[in-house]
2 protein chains.
Amino acid sequence: MATIRDVARLAGVGVGTVSRVLNNHPSVREQTRRRVLEAIEALNYHPDPSARRLSLRRTLTIGVIVPFITNPSVVERLRGITLGLEGTEYDLVIFNVETVQNRDRYFKEVVRGKRVDGLIVISLSPTDDEAERFAQADLPVVLVDAAHPRLPHVIIDDVQGGMMATQHLINLGHRRIAFLGDIHPNPFGFTASYHRYLGYMQALEKAELPYEEKYVVLGEHSRYTAYALAMGLFDQSPPPTAIFAASDTQALGVLAAAREAGYHVPEDLSVVGYDDVETAHYLGLTTIHQPLVDSGIEGVSLLMKILAGEEVPNEIRLPLSLVVRQTTAPPRPGPKTIA
Amino acid sequence: MATIRDVARLAGVGVGTVSRVLNNHPSVREQTRRRVLEAIEALNYHPDPSARRLSLRRTLTIGVIVPFITNPSVVERLRGITLGLEGTEYDLVIFNVETVQNRDRYFKEVVRGKRVDGLIVISLSPTDDEAERFAQADLPVVLVDAAHPRLPHVIIDDVQGGMMATQHLINLGHRRIAFLGDIHPNPFGFTASYHRYLGYMQALEKAELPYEEKYVVLGEHSRYTAYALAMGLFDQSPPPTAIFAASDTQALGVLAAAREAGYHVPEDLSVVGYDDVETAHYLGLTTIHQPLVDSGIEGVSLLMKILAGEEVPNEIRLPLSLVVRQTTAPPRPGPKTIA
DNA sequence: CTGTTAGCGCATTCAC
DNA sequence: GTGAATGCGCTAACAG
């Protein structure tokens, strides 16, 4: 493997000059530049990244911490990040967290030493202590689908989204509307579900509908847990006529439970999800759409600006929209629902 | 940020000694080791990875090339890789390819220079030229869900899988069985679909069923293309009574088309997929199960062994199984199907 | 056992 | 404009 010295020797110049043409520094005579370029070509020379990094005192890599990489919404954001990083000089190293221990470990480890030049965190909100550590380590961090007052973040208004979803059901005439979401607080630091829950409550309140605890069920974020929770909801009397699930993943569990329990959707039960992952489209799930891929792209954009020394807004809010498909309809006019 | 020299100074030893305790070299007196450790602690010292990499002449990172990272089967394999890498000293950098240009570019770029110590390629089969380049660059490469005679790979027997799926349909009594898969050859170098097609043909042959060209439809790998292709199949006369889709993703498109066209599955139409992604389970799709996560883990395991200088088998074959769920059944006994 | 020294390959002064 | 020298922070070989 040729080094910069081999190139210098072959071109009959000093290593400094080679370095200059590599980083296309202006002050190199056209003729020498050409000679160097030829030598580089002849030797099929490529600068050693490790050496560059050490000399530059930059790692030229961005880290991304992702929770449950197989989660469809997470992987779409991740895709956005790879897209945003394309064409830049940065490599992307990924840290997949599936346990609380790993979450905490990565939050600590990635910070210290010079492991990455910048960090993107998906869907995980750092604690104040963690945010403090980032600041002290002077590591640029941007949050995607998570927030912290001290950290730049790309986010949507989940409270608003929760309201939109619930309002849609209310508008259809539902009065017994259940909410199915994540436990909060939770050790991972997921907060989206909680905010959507807040929106749910506000919509209820605004419509002067009673808040009933039995219609709010929470559990670990997964399709299977959601399935079980939905089954529990069906056992209430009277059962809800609509369910707002805090994510499409959970909505899928609800749909499966409904099918299993013999409920027809949307005739017997309306279901609305959140995120608008690709499968939602496919299944005709009514849901709240948010720009997943774009959130990753925006996150990268923020980080790049910070690395370039530019000022950035502390928060970027992406737009939300309700996508009405085939899982929501007016409630069946049963005896109980007649006012 | 403290360096190894600061630690040495504080501990009153040479940098060599600090380096030794860092890499827990045995030949360090317990007492000095302790002193060094204390200094490290006091300074909150962490070795600079870039410096280590340069000195060690190893990048301590593994690269992974993934096609269409949002593809469920791909991301499950990727998850396996992150799992397998956990606890090792390697970082994982990812290259997402969504265009042929990027595929070719990454195959070239990742190789040259000292960018990674090893490479894992998912679902993309290198050309002979590319394999040759890997060898010349003396870069360990392992293939997951792809194959090349000169490269260690983790694979399943797709021909066998194709036979199993088709055989299942034949056993149920189907005689007009369609195959829906990827175009082959294709610029990305995906080969799975083609092999599954080969299995399909063999099963037909074995059962002495006629091979009919109109029942074989190929297109770009996506749910939407599959949807359109399936619609085309329904227009054949007579239409097939069963469709074997080369992947679950494509099977989902078929299911959507069937629903749209008013076909009841499995009464009017049997559908079998391939991969057994999570959604297949959820939708009750009959499919060929392959160990996706394990394939990633095995891939890492192979690569680690190579990096450790151990011999490895050139091929690891993972087991396959047919998972019968709710999308397959005997054909409806219509006039045409009565022998 | 342990301190010293010489690289690893590149970027970047500083003179010329 | 360009060459030579210095340093990035660490590992490893070599003395002692």
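Computed from a predicted model, the values in this text were never measured in an experiment. Residue numbers start from 1 in every chain, and the chains themselves are labelled A, B, ... in the order their sequence lines are given, proteins ahead of strands.
Side-chain nitrogen and oxygen atoms of B:Arg53 include none within less than 4.0 Å of the OP1 or OP2 phosphate oxygen of D:dC10. For B:Arg52, a side-chain nitrogen or oxygen approaches OP1 or OP2 of D:dT11 to under 4.0 Å. Of the side-chain N and O atoms in B:Ser19, one or more sit less than 4.0 angstrom from OP1 or OP2 of D:dT11. The side chain of B:Thr17 places an N or O atom within less than 4.0 Å of a non-bridging phosphate oxygen (OP1 or OP2) of C:dG3.
In this entry the distance linking CD1 of A:Ile4 with P of C:dG7 reads 18 Å, nearest Å. Per the geometry, NE2 belonging to A:His25 stands 12 Å off P belonging to C:dA11, to the nearest Å. In this structure, A:Leu22 atom CG and C:dC10 atom P are separated by 8 Å, rounded to whole Å. To the nearest angstrom, P of D:dG9 lies 18 Å from CG of B:Leu60. Between A:Lys114 atom NZ and D:dG9 atom P the separation is 8 Å, expressed in whole Å. Atom CZ in A:Arg33 sits about 13 Å away from atom C1' in D:dT2, given to the nearest Å. Look at CE on B:Met1: it is 15 Å from C1' on D:dC8, rounded to the nearest Å. If you measure from atom CZ of A:Arg29 to atom C1' of D:dT2, you get 9 Å, rounded to the nearest angstrom.
Nucleic acid contact class of A:Arg20 (heavy atoms, under 4.0 Å, all strands): base. Using a 4.0 Å heavy-atom cutoff across all strands shown, A:Thr3 reaches sugar-phosphate atoms only and no base atom. Residue A:Leu56 is in sugar-phosphate contact alone, with no base atom involved, counting any heavy-atom pair closer than 4.0 Å across all strands shown. Residue contacts for A:Gly12: at a heavy-atom cut-off of 4.0 Å it reaches the sugar-phosphate backbone alone, with no base atom in range. At a threshold of 4.0 angstrom between heavy atoms, the contacts of A:Thr32 are confined to the sugar-phosphate backbone, with no base atom among them. As judged by a 4.0 angstrom heavy-atom cut-off over every strand, B:Val18 is placed among residues making no nucleic acid contact.
Aromatic ring centroids of B:Phe95 and B:Phe107 lie 6.0 Å or more apart.
Each of B:Gly14 and A:Pro49 was matched to the nucleotide of DNA chain C holding its nearest heavy atom; the match closer to the 5' end belongs to B:Gly14.
Judged by distance alone, the side chains of B:Asn96 and B:Glu98 do bring a donor and an acceptor atom under 3.5 Å apart. Between the side chains of A:Arg79 and B:Thr70, no donor-acceptor pair is found at a separation under 3.5 Å.
With hydrogens and angles ignored, no donor-acceptor pair under 3.5 angstrom links the side chain of B:Ser50 to the base of D:dG9.
Set against C:dA11, C:dC8, C:dG3, the side chain of B:Leu54 has C:dC8 as its closest nucleotide. Distances from the side chain of A:Ser55 to the nucleotides C:dC10, C:dT2, D:dC10 place C:dC10 closest.
Applying the 6.0 Å contact sphere to CD of B:Glu310 captures more than 12 heavy atoms from other residues, nucleotides or ligands.
In summary, B:Arg115 and A:Asp91 engage in a salt bridge, as defined by a charged side-chain N under 4.0 Å from a carboxylate O.
Nearest approach of A:Ala146 to A:Ser125, heavy atoms of both residues: CB-OG, 3.5 Å.
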